[in-house]
Protein chains: 2
Amino acid sequence: MNPWETSLTLIDQAETYSCVMPDEPRWLTDHERDAWLALAKLMFNLPSALDAQLLRDNHLTLFDYFVLSGLSMAPGRTMRLSDLASHLSCSLSRLSNVVKRLEQRGLLRRAPDPESPRYTVATLTDAGWELVVAAAPGHVAAVRQYVIDGLTASQIDVLREVACHVAQQISEAPEASPRPR
Amino acid sequence: MNPWETSLTLIDQAETYSCVMPDEPRWLTDHERDAWLALAKLMFNLPSALDAQLLRDNHLTLFDYFVLSGLSMAPGRTMRLSDLASHLSCSLSRLSNVVKRLEQRGLLRRAPDPESPRYTVATLTDAGWELVVAAAPGHVAAVRQYVIDGLTASQIDVLREVACHVAQQISEAPEASPRPR
DNA sequence: GTCAGATTGTTCAAGCTTGAACCCCTGGGA
DNA sequence: TCCCAGGGGTTCAAGCTTGAACAATCTGAC
């Protein structure tokens, strides 16, 4: 029935194995589990749905769109890569790769920051600007279709509260320190 | 300030370009945009945060965990791949690749379905079962930390409503038909 | 009975992401 | 002045996902 009940209902069985657990964990209640499974499903499917629309109509991934859109709003349509990366909460490595591809397509240009040569700035070209302007209506329509339309104002309000809460929890979490395998 | 304001606030500028638009789109209100940007940030960061915990502690991706967990709850710890794929809303291609890797690690076994040779079933091994049981507490703790704890019961309720709504909208959307570039 | 078409699952190439290694530049001691 | 620690950015290899192509099996219509 629910495609994501896979995630945690294992718990009922796992409880019989409490011998192997360090401390008895605080399992999710049914109420909490339903919400989490629904959110998990959203988390997996919404990005690909939005990607699909942008790829089909504008040959852009959602992340490409965020990069171009971020530049389009910056003064002079220009930003340092490090600022853009923290703006987008992504690694500099990922941004560098994406920016290189977008530059090859003529949508932006890279240049050393004239104010300090150790930075690199990216500037949206006219072609890049026109592409974002052309892509925006379809993207907004998809966001409305999948997310916004059909919700009440108060649901939208709670959605914002919850999403901000999650974002904050993640940003405050101790940095995940990978353990050698 | 808000790392994802990049997404749609372009709109204010794009409106001055209405000449290039087919019909005047219904832009998002500030209220809607705040909620969408917060959700977008969640959508990008929550999967990697949960991945990081599972990879660090159990050398599993979140998707691996869902696959193993799905099997662990099925009768006989066995499911057809096509059922599992629709259960997880993923492509058969992706599932086939993941299952092959999990089989190589000894966490599950593949076999032709005895009831109908055109299906393939996957069965969790004891090692796979033990890994899921060992991984569950840490995973649940991460879900609590990032999502559930700190929300009120009514916020959790609305979260479920909203996420179900989005999931439904996506599943009802006309299948994205890729356009040749 | 047979053929067209749908379904199941695998594989392959192409593209993207990640993390580590690396280089360059800067700034701050000693 | 010299050294070095740290931040910014790129690159590379490894791993994962996607979509198309393919093989095998089943279904249904004629």
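Just so it is clear: chains get the letters A, B, ... in the order the sequence lines come, proteins before strands, and each one is counted from 1.
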Checklist entry - Starting at CG of B:N97 and ending at P of C:dT8, how long is that distance when rounded to a whole Å? => result 18 Å
Checklist entry - Just how far, in rounded Å, is C1' of D:dG15 from NE2 of B:H59? => result 11 Å
Checklist entry - Thinking salt bridges, do B:D149 and A:R26 make one under a 4.0 Å N-O criterion? => result yes
Next on the checklist: For a quick check, tell me whether the side chain of B:S93 and the base of C:dT10 share a donor-acceptor pair closer than 3.5 Å.
Outcome noted: no
Item to check | Separation of atom CD in A:E115 from atom P in C:dT26, rounded to whole Å | outcome: 14 Å
Checklist entry - Taking OP1 and OP2 of C:dT17, is either one under 4.0 Å from a side-chain nitrogen or oxygen of A:R101? => result yes
Checklist entry - Do you know which of A:L71, A:D64, A:L68 makes side chain to side chain contact (heavy atoms under 4.5 Å, CB included) with A:L107? => result A:L68
Item to check | Ionic contact status for B:D34 with A:R160, cut-off 4.0 Å | outcome: no
Checklist entry - What integer distance in Å separates B:L55:CG from C:dA20:P? => result 12 Å
Checklist entry - Any donor-acceptor pair under 3.5 Å linking the side chain of B:T120 with the backbone of B:P112? => result no
Next on the checklist: How many whole angstroms separate atom CZ of B:F63 from atom P of C:dT17?
Outcome noted: 18 Å
Please write out each protein N/O paired with an N/O of nucleotides 5-9 of chain D under 3.5 Å, distance rounded to 0.1 Å.
residue	atom	partner	partner atom	Å
D:dG9	OP1	A:T120	N	2.5
D:dG9	OP1	A:T120	O	3.1
D:dG9	OP2	A:S82	N	2.6
D:dG9	OP2	A:S82	OG	2.9

Checklist entry - Which whole-number value in Å describes the distance from A:Q104 CD to C:dA14 P? => result 17 Å
Item to check | side-chain contact (heavy atoms from CB on, under 4.5 Å) between A:T61 and A:Y65, worked out | outcome: CA-CA 6 Å; A:T61 66; A:Y65 180 82; over 6 Å; no
Checklist entry - For A:L95 and C:dT17, what is the distance between atoms CG and C1' respectively, to the nearest whole Å? => result 13 Å
Item to check | Protein-nucleotide distance (B:D51, atom CG; C:dC16, atom C1'), rounded to Å | outcome: 15 Å
Checklist outcome for this item: Of A:S116 and B:S48, the one whose closest nucleotide on DNA chain C sits nearer the 5' end is B:S48
Item to check | hydrophobic_cluster_shared for B:V121 and B:L92, side chain cutoff 4.5 Å | outcome: no
Item to check | Separation of A:W36 CH2 from A:T29 OG1 (nearest 0.5 Å) | outcome: 14.5 Å
Item to check | Nucleotide nearest B:P117 when distance is taken to its side chain, options C:dT11, D:dC26, C:dC16 | outcome: D:dC26
Checklist entry - Does B:K100 have a side-chain nitrogen or oxygen under 4.0 Å from the phosphate oxygens OP1 or OP2 of C:dG9? => result no
